[in-house]
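This report concerns only the one structure given below.
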Amino acid sequence: MDLPDKFLKPYDHTQTEDSLYKKWEESGYLNPDNSPESDKTFSIVLPPPNVTGTLHIGHALGLSIEDIMVRYHRMKGFKTLWVPGTDHASIATQTKVEKELSKKGIRRQDLSREEFISHIEEFAQASHDTIANQVRKMGASVDWSREAYTLDEKRSLAVRTAFKKMYDDGLIYQGDRIINWDPKGQTTISDDEIVYQEEKTKFYYFKYGPFTIGTARPETKFGDKYVVMHPDDARYKEYTHGQKISLEWINGPMEATIIKDENIDMEFGTGVMTITPWHSAVDFEMAERHGLDKEQIIDQYGKLLPIAEEFAGMKISEAREKIIEKLREKGLLVKEEDYTHNIATAERTGATIEPQIMKQWFVAVNKPFKMGESHIEGIATGQEVTLKQLMRHVVERELVSIHPLNRYERVYYSWIDNLKDWNISRQIVFGHRIPIWYKGDELYCGVEAPTGDGWEQDTDTLDTWFSSGTWTFSTLGWPENTKDLEMYHPTSMLETGHDIIFFWVARMILMSTYCIGQIPFENVYFHGLVRDKQGRKMSKSLGNIVDPLDIIKEYGTDALRMSLIVGNGPGNDLNFSDDKVRAYKKFANKLWNISRFILENIGSLDIKKPETLTQNDQSYLDEFEAFSKDVDTDMKNYRYYLASEKLYAYIWHTFADIIIEAKKEALAGGGADSQSAQYMLLTIFKKSCALLHPFMPFITEEIWQSIKSGSDKDLIVHTWPIAE
RNA sequence: GGGCGAUUAGCUCAGUUGGUAGAGCAGUUCGUUUACACCGAAAAGGUCAGGGGUUCAAGUCCCUUAUCGCCCACCA
């Protein structure tokens, strides 16, 4: 055969990848509406990347695994849909833009709400464009015609509809409860957005009437008028619950009430503590139990209120030393010790969280409601359930299967069991406005604004996970009853990083089971974290961040994908090194040269199966058949890390090193043996390219264009070698 | 405090349901026998963290110890 010129040079990915992607995209292959009818569907939503910047190597890993799943099913003849999109990531994006603006000397306070939002939107749009380009660069075969954004009009409608439904069912309520206040971001955050950091500090013991109490936070103690101890503590048995005692405290004499509570740890400190219900979640609960007064000590900027008298208006850090000094002078300081504990900080701003009691919106996770139309096995329509029960049920019954299960099952359950009502309101501007309107004392909840004058919408926005929770079904058209929703929901698979199991996976299960009575996905596949060569987390401060685009430029997308996939089992972290990528770049070149050899040695691409194959060739074909089935089994069981490794080993070290070498003589000799060998080699190689296509889509498609017969379709939609 | 994971060749890691250890990189020797030097051939390298148990058979299952890592909770 005549050899196309391109095979005379080593493989050059820069000449092929972009144009192949363009071809796939323009061909319509990525939209399942254009694919042949089938009763089997495979659907998956792209975990929408945050529009806070660019994609990192972790995204590249996710995209690679997802694309393998998608291409595999597409070739197997499933109606295959992969919905792309991006996430507005309210708090993360707003924080980021705020920082960018301040670098330019623009302060947020100087902007109106609308101006600020428009800056954020501009940034979000630019990020979106970058991300969309990177998704293409990775070869991800998503259906761009269905692209979604968590803050676009359709998703916005879904969010308001979900909110209204929950509100009408009594699952969303407004209440004065203790929340996590971020004094820097000036917003509440959820429990999951807290990061604990170790802090070395002093632990003080103060005389409090007849007791000695311990605290690390003297500045909150002004209003403490309840002193708590365990009912079984023999040291304090002379005191009774409710007893009043007079004592001298920071700003003079006061009266305190004794409370007995079983939640006190008798071993810790002196076994006696005073409580500050306004600024501690534990104290708040205790106060609720006993019906105690609560008083605010610290304001939303972290400054002391008038109750602190001479200290009023001071920042916590400033006041602490002065308060201790005063207590020491009054002879109330007993002793101080060094103390190490964990303090709660806000994930985004790094500020120390100040618990506060504030009026916020919550989703009640423990409140029973009547289930709507249910398609969930074991949950009947109209049955009384709680959101927590729904979230637990679908995993317990394995309606949603987690891979790897054992590693995340307990984590998931324990999170659910400890889950408190979900605080969904945020005091930030970028996001979905809460669909509540006020007029005087009236309150209106609706999908659309109420008619009539004088209504003002709540200025808070929703926790970003409220909208991403609807992602699987809002992207398919809900609340409209669309064909997509009917065909592709529940989705087949959710592939994501294990770090967002609570944030996102659990919230999607909550939203989907509640809103539409369906599980959001049948399977969850967790990938691990991509670390640097030495196993360290990639971070800006270490300067070890790898940009996928740099790797792609140097080694090609196929090589990058293989290096991320081979040997990386679900849930495992992966150390990324150039060496591995380089190895798969060489593999790409190996494939290139195999193509060249075969093309040089066969008579025609439409070669027919000879009447008789040599026994040797037949046995190679039989072995290959068994190998293909093995690979297919791995694919079915999500063992991409094994399938890819086996393909690499087979193609290089069996097909090229042994089979091709063994056939050189027969090919040179001509005649029947040569015909047999030609057929065998071309057959195995074509099928090998097909098996490898999900992993290395570009080079396999590029080679395919030169080795396919006239009747073959493009490889992306070619039939998988092993039938379902 | 609770949970999970890791410990296999110099380095980075595979090893799917138990059947006498594999890859990449590095290193050794040889090869310009024309698909490929982004290559080929050959050899070298591991008491599979320690201990105990189950089994005809264990890197693989069970118990235990040690070291490292991650997640969750958190005490005033």
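Quick note: numbers below take in every heavy atom, side chains included, and nothing from hydrogens, waters or symmetry partners. In what follows, chains are A, B, ... by sequence order, proteins preceding strands, each numbered from 1.
Note on Y412(A): every side-chain N or O is 4.0 Å or more away from OP1 and OP2 of G3(B). A close approach under 4.0 Å does occur between a side-chain nitrogen or oxygen of R410(A) and OP1 or OP2 of C4(B). Residue N575(A) has a polar side-chain atom (N or O) positioned under 4.0 Å from OP1 or OP2 of C13(B). The phosphate of A35(B) has OP1 or OP2 within less than 4.0 Å of a side-chain N or O from K664(A). Not one side-chain nitrogen or oxygen of K646(A) sits closer than 4.0 Å to the OP1 or OP2 atom of G22(B).
Stem regions annotated for RNA chain B: B:1-7 with B:66-72, B:10-13 with B:22-25, B:28-31 with B:39-42, B:49-53 with B:61-65, counting only runs of 3 or more consecutive pairs of Watson-Crick or G-U type with both contacts under 3.5 Å.
Distance check on atom C1': U67(B) versus A49(B) gives 8 Å, rounded to whole Å. Rounded to whole Å, the P atom of A42(B) lies 27 Å from the corresponding atom of C48(B). Only the P atoms considered, C39(B) is 16 Å distant from A23(B), to the nearest whole Å. Of the P atoms belonging to U65(B) and U29(B), the separation is 48 Å, rounded to the nearest Å. Between C62(B) and G5(B), the distance separating the two P atoms is 10 Å to the nearest Å. Only the C1' atoms considered, U54(B) is 15 Å distant from U64(B), to the nearest whole Å. G27(B) and A66(B) are spaced 32 Å apart, taking the C1' atom of each and rounding to whole Å. The separation of A76(B) from C61(B), taken at their P atoms, amounts to 41 Å, rounded to a whole angstrom.
No more than 12 heavy atoms of other residues, nucleotides or ligands sit less than 6.0 Å from atom CD of E398(A). Counting heavy atoms of neighbouring residues, nucleotides and ligands inside a 6.0 Å radius, atom CG of D5(A) does not exceed 12 of them.
For the pair M562(A) CE and A14(B) P, the computed distance is 16 Å after rounding to whole Å. In this structure, CZ of F597(A) is placed 14 Å from C1' of G40(B), rounded to the nearest angstrom. When rounded to the nearest whole Å, the span between CG of D657(A) and P of A35(B) equals 14 Å. Distance R596(A) CZ to A35(B) C1': 6 Å, rounded to the nearest Å. Distance, K585(A) NZ to G24(B) P: 18 Å, rounded to whole Å. Atom NZ of K663(A) is separated from atom P of A35(B) by 16 Å (rounded to the nearest Å). Rounded to an integer number of Å, the gap from NZ of K590(A) to P of G24(B) is 12 Å. Between N568(A) atom CG and G5(B) atom C1' there is a gap of 14 Å when expressed in whole angstrom units.
With RNA chain B read from its 5' end, the first of the two nearest nucleotides for Y584(A) and S577(A) is the one closest to S577(A).
With sequence neighbours excluded, no residue satisfies ring-ring contact (aromatic ring centres under 6.0 Å, His included) with Y620(A). Residues satisfying the ring-ring contact (aromatic ring centres under 6.0 Å, His included) test with H403(A), not counting sequence neighbours, are Y638(A). By the salt bridge (Lys or Arg N to Asp or Glu O under 4.0 Å) test, K580(A) is found to be paired with no residue, residues two or more places apart in sequence or in another chain being considered. Under the rule for a side chain to side chain donor-acceptor pair (under 3.5 Å), the partners of T274(A) that lie at least two apart in sequence or sit in another chain are K221(A), D224(A).
Using a 4.0 Å cut-off between charged nitrogen and carboxylate oxygen, E600(A) and R596(A) count as a salt-bridge pair. Salt-bridge annotation for E354(A) and R217(A): present, with a side-chain N of the basic residue lying under 4.0 Å from a carboxylate O of the acidic one. Look at K294(A) and E288(A) and you find a salt bridge, because one of the NZ, NE, NH1 or NH2 atoms lies within 4.0 Å of a carboxylate O, short of that distance. For E336(A) and R328(A), the salt-bridge test passes: some basic side-chain N is under 4.0 Å from an acidic carboxylate O.
Here H653(A) lies in heavy-atom contact (under 4.0 Å) with sugar-phosphate atoms only. Residue Y648(A) is in sugar-phosphate contact alone, with no base atom involved, counting any heavy-atom pair closer than 4.0 Å across all strands shown. Using a 4.0 Å heavy-atom cutoff across all strands shown, A656(A) reaches at least one base atom of the nucleic acid. Across all strands shown, R639(A) has heavy atoms under 4.0 Å from base atoms, whether or not it also approaches the sugar-phosphate. Across all strands shown, D579(A) has heavy atoms under 4.0 Å from sugar-phosphate atoms exclusively, and none from any base.
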Between protein and nucleotides 70-76 of chain B, map the contacts as a letter string: B base, S sugar-phosphate only, - none, heavy atoms under 4.0 Å, written 5' to 3'.
--SBBBB
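Taking the six-membered ring where tryptophan is involved, the planes of H290(A) and H241(A) are tilted, since the angle between them lies from 30° to 60°.
Listed nucleotides: C36(B), G24(B), A35(B). Nearest to the side chain of N589(A): C36(B). Closest contact between the side chain of E645(A) and the listed nucleotides G3(B), U16(B), A23(B) involves A23(B).
Interface remark: the E661(A) side chain does not form any donor-acceptor pair with the A41(B) base, using a distance-only criterion of under 3.5 Å.
Defined by atom type and a distance below 3.5 Å, a donor-acceptor pair is missing between the side-chain atoms of N423(A) and D463(A).
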